[in-house]
2 protein chains.
Amino acid sequence: MKNGSPQSAATRHSHRPASPAAQQPSRRPRGLKTRRTILRKAVNIASLEGLEGLTIGRLATTLRISKSGLFAHFGSKEDLQCAVVDEARDIFVEKVIRPAWHFKGLRLLRALCENWLSYGEQKVFPGGCFFSAASLEFDDRPGPVRDRIVGLMKKWLGNLEHAARDAQAAGEIREDVDVHQLAFEIQALAMGGNWSSRLFRDPAAFRSAQAAILRRIDQVTTTEQSRK
Amino acid sequence: MKNGSPQSAATRHSHRPASPAAQQPSRRPRGLKTRRTILRKAVNIASLEGLEGLTIGRLATTLRISKSGLFAHFGSKEDLQCAVVDEARDIFVEKVIRPAWHFKGLRLLRALCENWLSYGEQKVFPGGCFFSAASLEFDDRPGPVRDRIVGLMKKWLGNLEHAARDAQAAGEIREDVDVHQLAFEIQALAMGGNWSSRLFRDPAAFRSAQAAILRRIDQVTTTEQSRK
DNA sequence: TAATAGAACGAACGATCGTGCTATTATCCA
DNA sequence: TGGATAATAGCACGATCGTTCGTTCTATTA
């Protein structure tokens, strides 16, 4: 859209061929491994410099790969950005959601919060929470990248809310609690911890966030459930 | 740093000549008015596209001004960004801090929160809270721009904390409350409201933030002060 | 062995970036 | 009124942006 391209690129390379069926461990076109390598590095750079600051030339240089060779994996910068978001989501699911997914109700809610905070604290992404940065960077840039981010964040908030609702049904959280509001507050406090950690280089930032979240959760639990 | 500039620019135009002393209302070099016009527009663009996405060429085009003429006002892009941050701070002080500054203690704290929320809700900046976006954009870019943002945010949090401490000394807030933590939580919830408003286009976002902040404040006030 | 497809490369494109010089215009004081 | 000074415009620069093209290398398949 910026450069007047006479013919639209990216007609091939539609999307990641992450085929769910028939996935032999290593008998795969060699390009997928390269693509993976590119995306890992790209996610790290993007978490530091932003999805727009992520540049194809720089990415290729740091990977010692030709710019055109790298570009051919994606077909457009927008597709690359989408792929980076997907890659970051995979990492997030791996680190935050999956380790907690066997819990239910209040235990699940607590585990999600704990995992999120340690995900932020142990710098899974070198530039802090990828999605905090990306959602604020793209909140005014319509397009598929923004749509993807919105979808992911809605799903994440939905997970928090759903866990809280289950806890409510199980009698662990009081009936009069607005679980949507609760999810919002948890998310805001967590992102606040990330913000304070990144901006002030405050090592206690995530502890502050954790304290606030735990207190908030304790406030909404029924008496027999309080203090874990 | 990106372009190999043989000689450093911006030796003149050190900084905004906002002289504290002897400031006649209108007898000033005419260039300041233009500078003002530029910065107003620049702040709006930057709140939408980010401080790095703010481009001198585009800014000049939308203002129907030559690029070099605009550039001469600042001397470097970094200086422009610093000036934009300062301009945004002036607007923030005008809209949020000054209208509350005659209050003290708990009243001040409440007024600051209310003003912040209405500052976010009524879109003082078209792209949402300028500082939320800028602090996440620059948290990994060392330099004077980041330093400025850090300083401003520290001062703002200090204001919240100071008001809470005064309220504590006046017996309006309980003695056992960690006012630093309280300031952090208020700020996190407020920024969360901004985040939800921008990303989801959620008209109820600031209401959610307000509800959370008011409840939190009520929790720390002494009984005789609760419910305003 | 020949044919084919995928992966990576080098070179180049038009555009735009920030920046620097030089000339022209507007403004103000003597 | 003229001359100094400040403000703006014009033009060009090197670099880098995303993107395209044609080619080469490699590996699988016929």
Side-chain angles (χ1 to χ4, degrees), chain A residues 1-14 17 24 26-38 42 45-46 49-84 143 145, chain B residues 1-13 17 24 26-38 42 45-46 49-84 141 143 145:
Chain A
M1 192 172 288
K2 204 181 288 182
N3 285 354
S5 53
Q7 66 198 57
S8 83
T11 53
R12 282 157 302 207
H13 314 100
S14 63
Q24 283 95 337
S26 70
R27 200 97 317 248
R28 272 280 160 213
R30 191 161 96 293
L32 281 194
K33 198 168 63 180
T34 308
R35 189 188 156 103
R36 234 1 213 223
T37 307
I38 294 171
I45 294 181
E49 323 257 355
L51 275 168
E52 210 62 44
L54 171 67
T55 255
I56 296 176
R58 273 198 42 195
L59 182 55
T61 302
T62 67
L63 286 168
R64 273 189 270 278
I65 277 180
S66 76
K67 205 166 63 152
S68 54
L70 191 154
F71 187 83
H73 279 273
F74 305 95
S76 77
K77 176 159 191 187
E78 199 171 57
D79 274 12
L80 168 63
Q81 290 172 325
C82 285
V84 168
V145 183
Chain B
M1 193 169 290
K2 201 181 292 183
N3 286 354
S5 53
Q7 66 198 56
S8 83
T11 52
R12 282 158 304 209
H13 312 100
Q24 284 95 338
S26 69
R27 199 94 322 245
R28 277 278 162 214
R30 191 169 57 65
L32 282 194
K33 197 168 61 179
T34 307
R35 189 188 156 101
R36 227 17 206 218
T37 307
I38 295 171
I45 294 180
E49 322 256 355
L51 275 169
E52 209 63 43
L54 171 68
T55 252
I56 295 176
R58 272 197 41 193
L59 183 54
T61 302
T62 67
L63 285 168
R64 274 189 268 278
I65 279 181
S66 76
K67 203 166 65 151
S68 56
L70 190 156
F71 187 81
H73 279 272
F74 304 96
S76 78
K77 175 159 191 186
E78 199 171 58
D79 274 13
L80 168 64
Q81 291 172 325
C82 285
V84 168
R141 300 182 199 243
V145 183

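Letters A, B, ... mirror the listed sequences (proteins, then strands); counts begin at 1.
One interatomic measurement links the two molecules: CD1 of Ile38(A) to C1' of dA8(C), which rounds to 10 Å at whole-angstrom precision. Rounded to whole Å, atom P of dT16(D) lies 15 Å from atom NZ of Lys77(B). Atom C1' of nucleotide dT16(C) and atom CG of Leu54(B) are separated by 14 Å, given to the nearest angstrom. Atom CZ in Phe71(A) sits about 19 Å away from atom P in dA12(C), given to the nearest Å. Residue Gln81(A) contributes atom CD, which lies 9 Å from atom P of dG18(D) at whole-angstrom precision. Per the geometry, CZ belonging to Phe74(B) stands 11 Å off P belonging to dT8(D), to the nearest Å. Whole-Å rounding puts the Leu80(B) CG to dG18(C) P distance at 9 Å. Rounded to an integer number of Å, the gap from Ile56(A) CD1 to dT19(D) C1' is 8 Å.
Shortest non-hydrogen contact noted between Arg35(B) and His73(B) is NH1-O, 3.3 Å. Residues Leu51(B) and Gln81(B) come closest through the heavy atom pair O-NE2, 2.9 Å.
Residue pairs satisfying the salt bridge (charged side-chain N to carboxylate O under 4.0 Å, His left out) criterion with at least one member in residues 62-77 of chain A, sequence neighbours excluded, are absent.
In this structure, Leu80(A) CG and Ser76(A) OG are separated by 8.0 Å, a value rounded to the nearest 0.5 Å. To the nearest 0.5 Å, atoms CD1 (Ile45(B)) and OG1 (Thr62(B)) are separated by 4.0 Å.
Here His73(A) does not reach the OP1 or OP2 of dG6(C): none of its side-chain N or O atoms lies under 4.0 Å away.
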Just distance, no hydrogens or angles: give the donor-acceptor pairs under 3.5 Å from side chains in residues 54-61 of chain A, sequence neighbours left out.
from, atom 1, to, atom 2, distance (Å)
Thr61(A), OG1, Gly57(A), O, 2.9

Could you list all N or O pairs between the protein and nucleotides 9-11 of chain D that sit under 3.5 Å apart?
from, atom 1, to, atom 2, distance (Å)
dA9(D), OP2, Ser66(B), N, 2.9
dA9(D), OP2, Ser66(B), OG, 3.0
dA9(D), N7, Ser68(B), OG, 3.3
dG10(D), N7, Ser68(B), OG, 2.9
dG10(D), O6, Ser68(B), OG, 2.9

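The side chain of Ser76(A) lies closest to dT19(D) when the candidates are dG18(D), dT19(C), dT19(D).
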